[in-house]
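Contents: one structure, followed by commentary.
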4 protein chains.
Amino acid sequence: MSEEERLVEQLFAGEKLTDKQKKIILAAIESFSEKGYSATSTSEIAKKAGVAEGTIFRHYKTKKELLLSIIGPFMTKLIAPYIVKDFHKVLDQKYDHVEDFLRATMENRRNVVKRLLPVIKILLQEIPFHPELREQFLNHIAKDTFDRVTKLIKSYQEKGQIIDIPPASVARLAVTSLLGFLFSRYVLFPELEWDDEAEAERTIQFILHGLGKTE
Amino acid sequence: MSEEERLVEQLFAGEKLTDKQKKIILAAIESFSEKGYSATSTSEIAKKAGVAEGTIFRHYKTKKELLLSIIGPFMTKLIAPYIVKDFHKVLDQKYDHVEDFLRATMENRRNVVKRLLPVIKILLQEIPFHPELREQFLNHIAKDTFDRVTKLIKSYQEKGQIIDIPPASVARLAVTSLLGFLFSRYVLFPELEWDDEAEAERTIQFILHGLGKTE
Amino acid sequence: MSEEERLVEQLFAGEKLTDKQKKIILAAIESFSEKGYSATSTSEIAKKAGVAEGTIFRHYKTKKELLLSIIGPFMTKLIAPYIVKDFHKVLDQKYDHVEDFLRATMENRRNVVKRLLPVIKILLQEIPFHPELREQFLNHIAKDTFDRVTKLIKSYQEKGQIIDIPPASVARLAVTSLLGFLFSRYVLFPELEWDDEAEAERTIQFILHGLGKTE
Amino acid sequence: MSEEERLVEQLFAGEKLTDKQKKIILAAIESFSEKGYSATSTSEIAKKAGVAEGTIFRHYKTKKELLLSIIGPFMTKLIAPYIVKDFHKVLDQKYDHVEDFLRATMENRRNVVKRLLPVIKILLQEIPFHPELREQFLNHIAKDTFDRVTKLIKSYQEKGQIIDIPPASVARLAVTSLLGFLFSRYVLFPELEWDDEAEAERTIQFILHGLGKTE
DNA sequence: TATGAATGAGCGTTCATTCAT
DNA sequence: AATGAATGAACGCTCATTCAT
């Protein structure tokens with residue numbers, strides 16, 4: 001079972017997918033990620049998946065439904081849980097310091113992120129053009145986790161580890177720094193040579209200092 | 001003359017554009033920015049510009065040439081100069097501290113950025129799909145300014161104001177933080193309520209601390 | 001089944017054609033023959049065939065492929081075999097004299113030629129503009145039959161029935177005379193009144209005397 | 001003055017053509033001959049002629065008028081006179097034998113024909129699709145010269161030099177043989193190697209014998 | 001469930017032609 | 001006389017989607 005197939009298995013755990021359906025999803029992820037949603041044709045996906053054109057529409061009423069069927073589970077089953085899982089550890093006092101939390105997050109995620117990269121790319125590309133995606137995103141990621149994040153950030157703020165600004169701002173700054181790294185690394189300039197380890201560490205330190213109390 | 005017309009005037013200063021051509025560019029910027037390059041049809045642009053569809057192709061051989069004709073000048077005439085201009089002041093010792101420089105940059109640019117936002121959006125959206133755009137970007141922005149940025153960053157590093165990591169990493173962290181703010185603010189969640197002043201200041205402080213020497 | 005449908009049946013024997021495909025080919029032959037390839041639009045063919053324009057392109061990637069799909073089989077399945085068939089008879093000594101051979105050819109072909117006329121017209125019209133057509137023609141008609149023709153001509157030359165000039169020249173002179181008749185009759189001046197029988201006979205006599213030994 | 005320019009000078013002798021007009025005609029002849037009338041665009045002609053698109057339509061109301069303006073004079077000023085000129089000599093007893101006439105025709109014409117070839121090619125290509133061309137042809141060539149040709153042929157028939165078939169048939173057979181040679185040589189297979197002298201002579205002999213009295 | 005032929009609207013582009021300059 | 005910007009209809013072709021099998 002290939003790397004990508006495992007991704008699909010994970011994304012659609014619980015849903016009974018036919019063999020063809022899996023192939024369609026795999027092909028769609030690859031194409032959407034490479035050329036963007038609009039620039040990808042359904043016939044192209046069908047060809048890459050090795051199925052007839054009609055088969056796609058047996059499973060997904062429209063092309064857009066196919067897109068949402070990929071990004072929806074991605075948000076509910078992958079992003080949210082991963083964040084939440086660590087929050088538990090954190091809230092259970094597993095990580096006394098933000099640094100440990102951040103580093104753990106970065107460490108654990110590197111492989112995950114690389115695997116998820118095609119879907120992340122799709123998400124970032126299409127979110128500006130599909131209000132329903134933005135809504136889903138706010139509902140599944142933000143709302144589900146907002147309270148926990150807020151609580152977490154507040155706890156670190158109370159410990160005096162990070163500065164006293166609105167938790168939402170803290171989250172924004174941290175997340176955009178992390179995504180900024182990944183976006184530069186994998187989307188904008190994948191052809192440059194990167195010292196991944198060092199850059200990851202620098203990003204963590206940057207966030208830490210950026211959010212840390214100075215005195 | 002409207003806000004947008006001035007943008008076009010500025011982007012294409014020196015080039016003789018017919019009236020219709022200006023209208024085409026304006027319509028293209030608006031549409032590309034709203035729906036993305038691929039999802040925008042030339043007939044749509046023509047209609048919005050109030051010209052015949054054939055007129056577009058009299059001036060631009062292909063739809064892609066129209067895209068490049070917008071983003072090319074944007075990179076050469078707007079981004080690069082703006083950055084360079086302040087570098088001069090900085091290198092002329094106008095700003096003793098990074099903070100002053102960053103804040104000046106943020107202040108001055110806010111209006112500019114708001115005006116350029118549609119084009120920035122296009123650039124961010126399309127850069128992953130058009131290698132020639134990435135190349136142009138590297139050549140015009142990076143190469144033209146890389147030496148100066150490096151020199152600037154090094155001078156601040158020598159003054160002990162920012163940490164000793166590769167200048168390229170410094171640049172990446174600062175730029176993605178700035179763009180991360182703008183992207184969140186104007187692209188991802190324009191419908192949320194933002195306290196622009198405060199968030200801008202927080203972003204600056206974040207960068208400052210993130211890059212500052214700690215002891 | 002109409003005359004034309006039988007032509008298509010014959011041209012594409014062995015290939016499974018859908019109903020619509022046959023209609024497309026019939027319409028294409030008619031239109032190409034009447035107005036020329038370039039002056040015929042695909043939408044016109046679609047309308048005449050009673051299918052959607054998209055259907056044409058489901059079966060033929062391009063308009064040119066449609067053209068070649070008509071002319072290709074025409075050359076391999078119709079022209080070559082017809083010529084070859086009689087060569088057998090000739091080589092089997094069925095015709096002692098060129099005259100018999102020529103007359104048989106003319107007789108047998110009259111109906112065939114009338115049926116094939118539209119395709120012949122297309123071939124003659126388009127051959128100057130499509131090198132691949134010229135190549136196909138040389139390969140399928142010339143090469144396949146050149147040896148046989150040469151042999152045949154030589155045998156008549158040995159019998160002293162026709163003059164001793166290069167067989168290729170013999171073939172050219174005979175063929176252009178035959179085609180010259182058909183071209184004048186059916187393409188150039190179809191609206192004039194023709195005494196077909198007499199003109200056919202005159203053409204045969206002309207060739208016979210033209211190629212015959214004089215003394 | 002180039003070969004082609006002289007052709008134009010000759011075709012349009014007496015008509016005052018501007019410089020641009022000559023260039024347009026030259027470009028049109030070249031393009032029509034190479035790709036056919038329908039497949040040639042006016043913008044292409046304009047570019048090749050080095051004039052603005054509009055200039056073409058200042059001189060010729062439509063594209064078709066441009067075509068006719070080339071072929072019309074060609075028929076009235078070149079074909080007819082050339083034939084007629086020799087007829088005079090013939091009728092004045094300059095050539096006692098058909099052979100002399102034919103050979104003289106072939107000899108004199110070789111260079112002329114090579115120069116006229118592009119226009120001949122256009123004529124042959126477009127005559128099937130433009131009834132007015134066919135009509136012009138019949139009027140200018142046929143009618144103007146038909147009587148003379150008939151008279152000429154009859155005189156040779158009376159001398160017993162050629163067979164007693166309708167003069168029209170004689171003309172058809174001779175002309176198609178001549179054109180058949182030129183068409184094979186210059187249009188169908190220009191890429192083959194030809195022994196022009198020998199083939200020309202063979203063609204003459206073929207016509208002579210084909211039309212000659214046998215006993 | 002899966003197919004793939006069929007659709008017709010719409011795509012990016014080219015066309016012959018017009019007209020103000 | 002000549003230009004070239006402008007046009008809008010038509011071009012060859014692709015699209016997402018439907019449906020009989």
Side-chain angles (χ1 to χ4, degrees), chain A residues 18-21 23-24 38-47 49-66, chain B residues 16-21 23-24 38-46 49-66, chain C residues 16-21 23-24 38-46 49-66, chain D residues 16-21 23-24 38-47 49-66:
Chain A
T18 63
D19 220 51
K20 305 260 174 188
Q21 221 170 334
K23 279 180 190 157
I24 290 169
S38 273
T40 301
S41 74
T42 49
S43 82
E44 203 182 327
I45 295 171
K47 205 175 291 164
V51 304
E53 292 197 45
T55 308
I56 293 177
F57 291 91
R58 188 137 296 277
H59 296 290
Y60 308 94
K61 269 200 288 290
T62 64
K63 186 185 165 193
K64 190 157 196 173
E65 198 180 295
L66 173 58
Chain B
K16 271 161 211 152
L17 298 182
T18 62
D19 221 49
K20 306 258 172 189
Q21 220 169 335
K23 279 179 193 161
I24 290 168
S38 274
T40 301
S41 74
T42 48
S43 83
E44 205 182 324
I45 295 171
V51 305
E53 205 170 346
T55 307
I56 294 177
F57 292 94
R58 181 145 296 275
H59 296 291
Y60 307 94
K61 270 199 285 291
T62 62
K63 187 186 163 193
K64 188 157 197 173
E65 198 180 293
L66 173 57
Chain C
K16 271 161 212 152
L17 298 182
T18 62
D19 220 51
K20 305 259 172 187
Q21 221 169 334
K23 279 179 193 159
I24 290 169
S38 274
T40 301
S41 74
T42 49
S43 84
E44 205 182 324
I45 296 172
V51 304
E53 205 170 347
T55 307
I56 294 177
F57 293 94
R58 180 146 296 274
H59 296 291
Y60 308 93
K61 270 198 286 292
T62 63
K63 187 186 164 191
K64 187 157 197 172
E65 199 180 293
L66 173 59
Chain D
K16 271 162 211 151
L17 298 182
T18 62
D19 220 50
K20 305 261 173 187
Q21 221 169 335
K23 279 179 191 159
I24 289 169
S38 273
T40 300
S41 73
T42 49
S43 81
E44 204 182 324
I45 295 172
K47 205 175 292 164
V51 305
E53 292 197 45
T55 308
I56 293 176
F57 291 91
R58 188 136 296 275
H59 296 291
Y60 308 94
K61 269 201 289 292
T62 64
K63 186 185 163 192
K64 189 155 196 173
E65 199 181 294
L66 173 58

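Every chain is numbered from 1 and lettered A, B, ... according to where its sequence line falls, protein lines coming before strand lines.
Rounded to whole Å, the distance from CG on L66(A) to C1' on dT17(F) is 14 Å. The OH-P distance, from Y60(A) to dT18(F), rounds to 16 Å in whole Å. Rounded to whole Å, atom C1' of dG4(E) lies 14 Å from atom CD1 of I24(A). Rounded to whole Å, atom P of dT14(F) lies 11 Å from atom CD of E65(C). Spacing between atom NZ of K63(A) and atom P of dC15(F) amounts to 9 Å, rounded to whole angstrom units. Atom CG of D19(C) and atom P of dT21(F) are 13 Å apart (whole Å). For the pair Q21(C) CD and dA5(E) P, the interatomic distance rounds to 8 Å; values are reported in whole Å. Between I45(B) atom CD1 and dG10(E) atom C1' the separation is 15 Å, expressed in whole Å.
Of the candidates dC13(F), dT13(E), dT17(F), dT17(F) carries the atom nearest the E53(A) side chain, counting heavy atoms from C-beta on. Side chain of F57(A), nearest nucleotide from dA16(E), dT3(E), dT17(F): dT17(F). Considering only side-chain atoms of K20(A), the nucleotide from dG12(F), dA16(E), dA2(E) that sits closest is dA2(E). Candidate nucleotides dC13(F), dT3(F), dA6(E) were compared by shortest atom distance to the side chain of T55(D), and dT3(F) ranks first. Nearest to the side chain of S43(C), among dA2(E), dT17(F), dC11(F), sits dC11(F). With dT17(E), dT7(E), dG4(E) as the candidates, the nucleotide lying closest to the side chain of A52(A) is dG4(E). Ranking dT13(E), dT17(E), dA2(F) by closeness to the H59(D) side chain, first place goes to dA2(F). Here the nucleotide nearest the side chain of T18(D), chosen from dA5(E), dA16(E), dA1(F), is dA1(F).
The line from NZ of K61(B) to CD1 of I56(B) is 15.5 Å long, rounded to the nearest 0.5 Å. Here OG1 of T55(B) is found 8.0 Å from CZ of R58(B). Values are rounded to the nearest 0.5 Å. Note that NZ of K23(B) is 9.5 Å distant from OG1 of T18(B), once rounded to the nearest 0.5 Å. Summarising the geometry, atom NZ belonging to K20(D) is positioned 9.5 Å from atom NE2 belonging to H59(D); distances are rounded to the nearest 0.5 Å. Note that CG of D19(D) and CD1 of I24(D) are 10.5 Å apart. Values are rounded to the nearest 0.5 Å.
Side chain to side chain, E53(A) and S43(A) fail the donor-acceptor criterion of an N or O pair below 3.5 Å.
Side-chain N/O atoms of S41(D) include one lying less than 4.0 angstrom from OP1 or OP2 on dC15(E). Put simply, T62(B) has no side-chain N or O that comes within less than 4.0 Å of OP1 or OP2 on dG12(E).
Of the nucleotides present, dT3(E) is the one that pairs with dA20(F) by Watson-Crick or G-U wobble criteria, both distances under 3.5 Å. Using N1 to N3 plus N6-O4 or O6-N4 for Watson-Crick, or N1-O2 and O6-N3 for G-U wobble, each under 3.5 Å, dC11(F) pairs with dG12(E).
Residue contacts for S38(A): at a heavy-atom cut-off of 4.0 Å it reaches no nucleic acid atom on any strand shown.
Nearest-nucleotide assignment on DNA chain F puts the 5′-proximal partner with R58(B), out of R58(C) and R58(B).
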